[in-house]
Colleague: 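Take this structure first; my questions come after.
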Amino acid sequence: MSIAKTYNPKETEEKWYKTWMENGFFRSKPNPRKQPYTVVIPPPNVTGVLHMGHMLNNTIQDILIRRARMQGKEACWVPGTDHASIATEARVVAMLKEKGIAKTDLTREEFLEYAWEWKDKYGGIILEQLKKLGASCDWDRTRFTMEPDLTDAVIKVFVDLYRKNKVYRGVRMVNWDPMGLTAISDEEVIPKETVAKMYHLRYFLEGPSQTMGSDYITVATSRPETIMADVAVAVNPNDERYKHLIGRNVMIPLLNRAIPIIADEYVSVDFGTGCLKVTPAHDLNDYELGQRHSLPVIDILNDNGTLNEKAVLYVGQDRFAARRNIVKDLQEAELLADVKEYPSILQTSERTGAVIEPKLSMQWWVKMDAMAKPALDAVMNDDIKLHPPKFKNMYRSWMENVRDWCISRQLWWGQRIPAYYLPDGSFVVAENLQEALDMARTQTENPDLTEADLRQDEDVLDTWFSSWLWPISVFDGFKDPDNKDINYYYPTNDLVTAPEILFFWVARMIMAGYEYRKEMPFKNVYLTGIVRDAQGRKMSKSLGNSPDPLDLIEKYGADGVRTGMLYSSPAGNDLLFDEKLCEQGRNFSNKIWNAFRLISSWEINNELENPNETAIAWFEAKFNLGLSQMEEHFEKFRMSDALMTVYKLVWDDFCSSYLEMIKPAYQQPIDAATLKATHQFMENVLKVLHPFMPFITEEIWHELKERPIKDCLIVAPWPKVGKVDVILLEKMDRVLDVVAGIRNIRNQKNIPNNKALPLHVKTQSAHYYEGFESIITKLANLEEVNYSENSLENAISFVEGPDEFFVPMEGNIDLAAEKERLEKELEYAKGFLDAVSKKLSNERFVNGAPAIVLEKEYQKKADAEAKIKALEQSLAALV
RNA sequence: GGGGUGUUAGCUCAGCUGGUUCAGAGCACCUGCCUUACAAGCAGGGGGUCACUGGUUCGAAUCCAGUACGCCCCA
């Protein structure tokens with residue numbers, strides 16, 4: 001049989017993904033005999049297409065799931081998408097616009113019809129893409145945050161929290177787009193750097209002036225047109241300039257309304273004039289300041305950005321026209337002291353380009369304090385572990401200063417808030433209209449109320465208000481709180497997500513978990529870094545620096561891309577992605593492929609003795625050591641290190657060392673025992689590689705020998721760590737160093753590899769090399785090995801441990817160079833001995849250091865002395 | 001402004017509660033090889049004042065303080 005010289009991922013990937021699906025290997029159902037291992041996917045946005053962040057995140061989840069599955073756990077990875085109200089609505093609005101339809105022309109119902117149509121058409125793309133990556137999700141469990149069951153859950157929770165007084169209605173500052181006449185989210189606000197003008201205005205003190213010339217204070221503002229909404233002037237309590245004025249009143253320029261001077265730490269002394277006019281209706285910080293000091297709120301703007309009658313002056317003018325006019329009037333009244341330019345950031349609307357107006361409006365909120373408490377404790381006491389733990393601090397500072405959560409959005413795509421307003425202005429909150437009507441009738445004592453009298457809230461709920469229920473709702477834990485699935489799979493095990501949403505999402509899931517299941521939603525949170533380009537820039541569509549993951553898979557194979565993603569992604573650190581990493585991944589695939597080719601090319605000869613016992617015992621030890629290191633990395637969620645451990649185990653130990661040791665001469669057969677052991681090793685190697693590189697390993701698993709189709713690697717048992725023969729490993733380390741020493745001589749002296757060399761070993765303990773001689777001979781291509789207690793003349797030598805190795809050169813030696821090399825080595829050894837001796841002659845060290853350390857130092861000293869002696873003899877022999 | 005976190009080879013990072021010849025790995029680089037598993041490869045090699053300054057200690061990349069620079073979160 002002939003096997004392709006390079007691995008061909010494409011058909012392999014399709015074939016095995018299909019086979020895994022057909023055999024239901026991804027599927028999971030509660031199995032009391034097995035330990036559950038559960039991961040819920042961070043639901044990608046339905047509008048999304050696969051980007052590098054998803055690649056990293058889902059590769060990691062797949063690795064965890066595949067390993068758990070092989071470990072014999074009931075592995076369940078639940079996939080799904082979230083409805084992404086803002087993004088999806090924007091997408092649908094754009095699509096409608098192309099068709100010449102404006103959102104305002106449609107009713108809510110008509111719009112939603114278009115939106116669902118859009119979702120059905122495009123919403124599944126990203127999940128299909130995940131399959132290309134090899135993601136072994138239980139696709140039968142795919143959920144969507146706006147599907148009926150999950151919507152019911154959201155409504156139920158809203159109503160429940162409202163009744164527990166944890167949801168309330170209150171005023172909040174939103175980003176108002178006066179042109180689009182809608183509130184928009186922070187994400188839709190585009191900051192633009194501009195040079196703004198700072199106007200210095202004179203506010204005269206109320207009452208009789210004390211001294212001439214100091215009877216006013218100067219307030220700096222960039223928005224003079226809002227002075228009519230002023231309710232106070234604030235100064236820093238430590239500001240010597242104004243301390244004496246705190247508590248007095250000043251008059252608003254032009255308007256001549258009196259407002260108080262108040263003191264607040266918020267005001268910075270060195271910005272502007274140190275006097276801040278407080279306009280709670282038109283600035284978020286001012287609003288909070290106003291709340292702290294119980295100041296009134298005067299809103300002087302209409303929704304379209306013109307001034308209303310509360311402004312008294314400039315009524316009906318647009319805010320910018322009003323600004324021009326008031327500046328002129330202030331100047332004429334000599335109330336404008338100065339105008340200064342300063343760099344500022346202007347917030348504009350992504351939709352219309354209009355300057356955003358901070359505007360107070362009625363919103364729905366979730367009270368956070370009570371729910372935050374158990375969620376904070378769970379993380380601080382490590383019930384829920386964050387990986388890496390450095391995020392604990394960040395988590396704590398956020399949870400300790402948590403603000404109430406605004407959950408209403410002025411959109412249509414999403415779950416409509418189940419609050420129903422009555423004709424008298426009051427409202428009821430209920431799971432459905434019928435219930436709402438009953439409540440309304442009771443509340444108003446008016447049995448004649450009809451459905452038509454109720455008006456449901458126009459807003460929808462924040463998408464996070466769906467996502468925070470995800471680990472519970474995907475198992476129908478709200479619909480049926482005691483069902484088999486939720487009881488078995490919850491709490492889930494590991495969550496893999498990005499640090500940016502630690503608060504938005506992770507913290508809130510923890511809150512929901514304790515609120516509704518009295519239990520954490522997951523035990524570990526693995527936080528991945530941000531995928532950046534090689535220059536460290538965040539990958540983004542606008543920069544165009546993000547490769548298309550599917551192109552990469554096409555080019556390097558899914559296995560290659562998976563390993564490429566992982567090579568440089570320590571937990572929580574950003575990953576500087578470079579296509580070269582995928583290339584490295586592909587090369588690794590190829591390496592594995594060729595190891596397989598070699599093994600499968602061997603003909604067996606049952607007559608032969610096994611000459612490879614040492615090599616076999618060694619690799620077994622090496623494998624067990626590697627496996628145990630890998631398990632340790634997995635325990636700590638150090639995926640990159642786990643991969644690197646296998647990488648080196650496979651490439652260096654298995655391929656470069658083990659296979660070279662046992663490889664029969666060209667076209668020679670191999671003995672049965674060695675072949676059997678090697679097959680076993682190969683299978684074990686494939687197993688530990690499988691979570692990282694599922695496709696190639698499954699392919700080789702089946703190529704290696706005929707197996708029934710159900711006997712797939714994906715469900716093969718994970719190897720257990722066996723005994724590690726440490727002594728054997730140590731000996732082989734020295735042996736391989738000897739081999740490297742000889743190869744080095746070859747390199748330096750340009751001796752071709754196919755020329756066999758004699759080796760002379762000067763040693764007191766030739767038996768040390770028993771069992772290894774054939775290995776050294778084979779790897780270094782020797783013709784003979786001699787042992788003696790003497791040096792050899794006319795040879796190049798090197799020292800390993802207590803022994804010295806000589807390769808005769810028949811006069812082909814550069815004596816001077818050789819001498820220099822040995823002297824250099826000798827000098828280093830002497831220096832080292834000096835340092836050790838000094839340490840050992842230091843009484844305080846000898847008294848203070850633990851016995852183990854001392855012992856090591858004495859050993860070091862003895863080794864160094866032996867080495868020096870050997871080197872000196874070699875030098876002597878040179879002459 | 002507040003808080004967090006980091007600075008180790010050209011790049012990306014390990015280095016746990018101070019103590020092995022401790023200064024490491026992968027990639028990149030240099031040299032020599034198309035040696036019938038693999039040039040997507042093999043063999044070998046060079047490369048770092050562990051950001052800076054001071055302190056604790058018999059001993060510091062590791063602990064402490066300060067400085068510089070970077071990143072993240074919140075305002």
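Proteins get letters first, then strands, A, B, ... in listed order; numbering begins at 1 in each.
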Colleague: Pick the P atom in B:C16 and in B:C63, then give their distance to the nearest Å.
Modeller: 8 Å

Colleague: Looking across every strand, which nucleic acid part, if any, lies under 4.0 Å from A:E660 by heavy atom: base, sugar-phosphate, or nothing?
Modeller: base

Colleague: Here's a test of your reading of the structure: between A:N754 and A:E288, which maps to the more 5' nucleotide of RNA chain B?
Modeller: A:N754

Colleague: Between A:K749 (NZ) and B:G32 (P), how many Å, whole number?
Modeller: 16 Å

Colleague: If you measure from the Lys or Arg side-chain nitrogens to the Asp or Glu carboxylate oxygens, is any gap between A:D803 and A:R734 under 4.0 Å?
Modeller: yes

Colleague: How far does the P atom of B:G46 sit from the matching atom of B:C38, given to the nearest Å?
Modeller: 29 Å

Colleague: Should the ring pair A:W505 and A:W464 be called parallel, tilted or perpendicular, given that the plane angle runs from 0 to 90° and is split at 30 and 60?
Modeller: tilted

Colleague: Looking at A:K591, does any N or O in its side chain come under 4.0 Å of the phosphate oxygens OP1/OP2 on B:C42?
Modeller: yes

Colleague: The side chain of A:L598 lies closest to which of these nucleotides: B:C38, B:G41, B:A37?
Modeller: B:A37

Colleague: Could you give the CD1-to-P distance, from A:I745 to B:C33, as a whole number of Å?
Modeller: 19 Å

Colleague: Go ahead and write out RNA chain B as dot-bracket, 5' to 3': ( ) for pairs within the strand, [ ] for ones crossing earlier pairs, | when the partner sits on another strand, dots for unpaired; Watson-Crick or G-U wobble, both distances under 3.5 Å.
Modeller: (((((((..((((.....[....)))).(((((.......))))).....(((((..]....)))))))))))).

Colleague: What nucleic acid atoms does A:W602 come within less than 4.0 Å of, heavy atoms only: base, sugar-phosphate, or nothing?
Modeller: nothing

Colleague: From the list B:G41, B:G32, B:A40, which nucleotide is the closest neighbour of the side chain of A:R586?
Modeller: B:A40

Colleague: Verify, without hydrogens or angle tests, whether A:N57 (side chain) and A:V496 (backbone) share a donor-acceptor contact under 3.5 angstrom.
Modeller: yes

Colleague: Is A:S589 touching bases, backbone alone, or none of the nucleic acid, heavy atoms closer than 4.0 Å?
Modeller: nothing

Colleague: Using the P atom in both, what is the distance from B:G54 to B:U17, to the nearest Å?
Modeller: 25 Å

Colleague: Do the ring centers of A:Y647 and A:Y567 come within less than 6.0 Å of each other?
Modeller: yes

Colleague: Tell me whether the side-chain N/O atoms of A:N587 come closer than 4.0 Å to OP1 or OP2 in B:G41.
Modeller: yes

Colleague: Does A:E583 come within less than 4.0 Å of A:K580, counting only side-chain N to carboxylate O?
Modeller: no

Colleague: Rounded to whole Å, how long is the line connecting atom CZ of A:F391 with atom P of B:C72?
Modeller: 12 Å

Colleague: Out of B:U35, B:G44, B:C42, which nucleotide sits closest to the side chain of A:N753?
Modeller: B:U35

Colleague: Is any side-chain N or O of A:R638 closer than 4.0 Å to OP1 or OP2 of B:G15?
Modeller: yes

Colleague: Pick the P atom in B:U35 and in B:G41, then give their distance to the nearest Å.
Modeller: 16 Å

Colleague: Rounded to whole angstrom units, what separation is found between the CG atom of A:D641 and the P atom of B:A25?
Modeller: 14 Å

Colleague: Looking across every strand, which nucleic acid part, if any, lies under 4.0 Å from A:R403 by heavy atom: base, sugar-phosphate, or nothing?
Modeller: sugar-phosphate

Colleague: Between B:A37, B:U36, B:G26, which nucleotide has the shortest distance from any of its atoms to the side chain of A:M644?
Modeller: B:G26

Colleague: Nearest whole angstrom, please: distance from the C1' of B:C11 to the CZ of A:F577.
Modeller: 15 Å

Colleague: In whole Å, what is the span from the CG atom of A:D578 to the P atom of B:G10?
Modeller: 18 Å

Colleague: Which value, in whole Å, describes the distance between the P atoms of nucleotides B:U12 and B:A37?
Modeller: 39 Å

Colleague: Closest approach to the side chain of A:N594, judged atom by atom: which nucleotide of B:U36, B:G32, B:C38 is it?
Modeller: B:C38

Colleague: What integer number of Å spans the C1' atoms of B:G32 and B:U49?
Modeller: 34 Å

Colleague: Among B:C73, B:C42, B:C38, which is the nearest nucleotide to the side chain of A:M394?
Modeller: B:C73

Colleague: Can you say whether the rings of A:F654 and A:Y658 are parallel (under 30°), tilted (30 to 60°) or perpendicular (over 60°)?
Modeller: parallel

Colleague: Check whether more than 12 heavy atoms from other residues, nucleotides or ligands sit under 6.0 Å from atom CD of A:E603, and answer yes or no.
Modeller: no

Colleague: B:C72 phosphate, OP1 or OP2: any side-chain N/O from A:W398 under 4.0 angstrom?
Modeller: no

Colleague: Could you check whether any side-chain heavy atom of A:D653 comes within less than 4.5 Å of a side-chain heavy atom of A:F623, counting everything from C-beta outward?
Modeller: no

Colleague: If we take the P atom in both B:C27 and B:C73, what is their distance in whole Å?
Modeller: 33 Å

Colleague: I need the OH-C1' distance between A:Y658 and B:C42, as an integer number of Å.
Modeller: 20 Å

Colleague: Under 4.0 Å from OP1 or OP2 of B:C72: is there any side-chain N or O of A:K390 that close?
Modeller: no

Colleague: I'd like the C1' distance from B:G1 over to B:G59, given in whole Å.
Modeller: 42 Å

Colleague: Just say parallel, tilted or perpendicular for the rings of A:F681 and A:F619, cut-offs at 30° and 60°.
Modeller: perpendicular

Colleague: Can you find a heavy atom in the side chain of A:P9 that is under 4.5 Å from one in the side chain of A:M693?
Modeller: no

Colleague: Can you find a side chain N or O atom of A:S397 that sits less than 4.0 Å from OP1 or OP2 on B:G2?
Modeller: no

Colleague: Could you say whether A:K648 or A:N747 is positioned toward the 5' end of RNA chain B, judged by the nucleotide with the nearest heavy atom to each?
Modeller: A:K648

Colleague: Check this one for me: any side-chain N or O of A:Y647 less than 4.0 Å away from OP1 or OP2 of B:C27?
Modeller: yes

Colleague: Which of these nucleotides, B:A37, B:C27, B:C42, is closest to any side-chain atom of A:K663?
Modeller: B:A37

Colleague: Identify which nucleotide among B:A40, B:G45, B:G26 has an atom closest to any side-chain atom of A:N744, counting heavy atoms from C-beta outward.
Modeller: B:G45

Colleague: Could you tell me how far apart A:F681 (CZ) and B:A37 (P) are, to the nearest whole angstrom?
Modeller: 20 Å

